[in-house]
Amino acid sequence: KLHPQDKRYLENLFGAKRVHDYSGKNSITEDISNYYERTHFRPHVGAMIMDSIYGGSDDVLDTAQ
């Protein structure tokens with residue numbers, strides 16, 4: 001999970017609306033089929049994230065923190 005101080009720093013630098021945190025436990029990170037291995041996600045995950053950011057969809061992540 002992204003450290004809260006790091007997230008605040010990024011939000012101060014770029015603006016809160018421009019920082020998107022997909023780290024931590026959520027529907028993307030909990031599904032092993034979303035990854036080739038531990039650190040590289042599959043193309044459909046990138047598409048979901050891009051749609052969430054640029055397509056206005058808020059339901060991509062089910063955060064289970």
Side-chain angles (χ1 to χ4, degrees):
K1 181 144 179 73
L2 191 59
H3 192 281
Q5 286 179 315
D6 293 337
K7 186 175 180 187
R8 266 194 308 277
Y9 176 80
L10 292 170
E11 289 172 344
N12 288 333
L13 185 63
F14 298 112
K17 291 185 178 186
R18 292 189 173 121
V19 176
H20 305 274
D21 183 7
Y22 294 92
S23 65
K25 291 184 178 186
N26 59 62
S27 60
I28 292 174
T29 60
E30 291 292 302
D31 185 351
I32 195 168
S33 69
N34 285 333
Y35 293 86
Y36 288 112
E37 38 71 27
R38 187 175 175 149
T39 59
H40 294 94
F41 57 79
R42 295 181 180 271
H44 73 275
V45 174
M48 289 180 352
I49 291 170
M50 294 298 282
D51 185 53
S52 172
I53 294 169
Y54 295 108
S57 174
D58 291 331
D59 59 345
V60 169
L61 271 185
D62 176 23
T63 305
Q65 302 174 17

Quiz item: Under 4.5 Å between any side-chain heavy atoms of R18 and L10, yes or no?
Solution: no
Practice problem: Taking all heavy atoms of N26 and all of I28, pick out the closest pair and write down the distance. | Solution: OD1-N, 2.8 Å
Exercise. Scan for side-chain hydrogen bond (donor to acceptor under 3.5 Å, both in side chains) pairs involving residues 37-46, sequence neighbours excluded, and state none if there are none.
Key: N34-H44, E37-T39, E37-H40
Quiz item: CD1 of I49 to NE2 of H20: how many Å apart, nearest 0.5 Å?
Solution: 10.5 Å
Exercise. Applying side-chain contact (heavy atoms from CB on, under 4.5 Å), name anything that partners D6, two or more places apart in sequence or on another chain.
Key: L2, H3
Exercise. Write down the atom of Y35, the atom of D31, and the distance for their closest heavy-atom approach.
Key: CD1-O, 3.8 Å
Quiz item: Mind checking whether Y54 and Y22 sit in one hydrophobic cluster, side chains of I, L, V, M, F, W, Y counted as touching below 4.5 Å?
Solution: yes
Quiz prompt | Shared hydrophobic cluster, I53 / M48 (ILVMFWY, side-chain heavy atoms < 4.5 Å) | solution = yes
Quiz item: Same cluster or not: are I32 and Y36 linked, directly or through other Ile, Leu, Val, Met, Phe, Trp or Tyr residues, by side-chain heavy atoms under 4.5 angstrom apart?
Solution: no
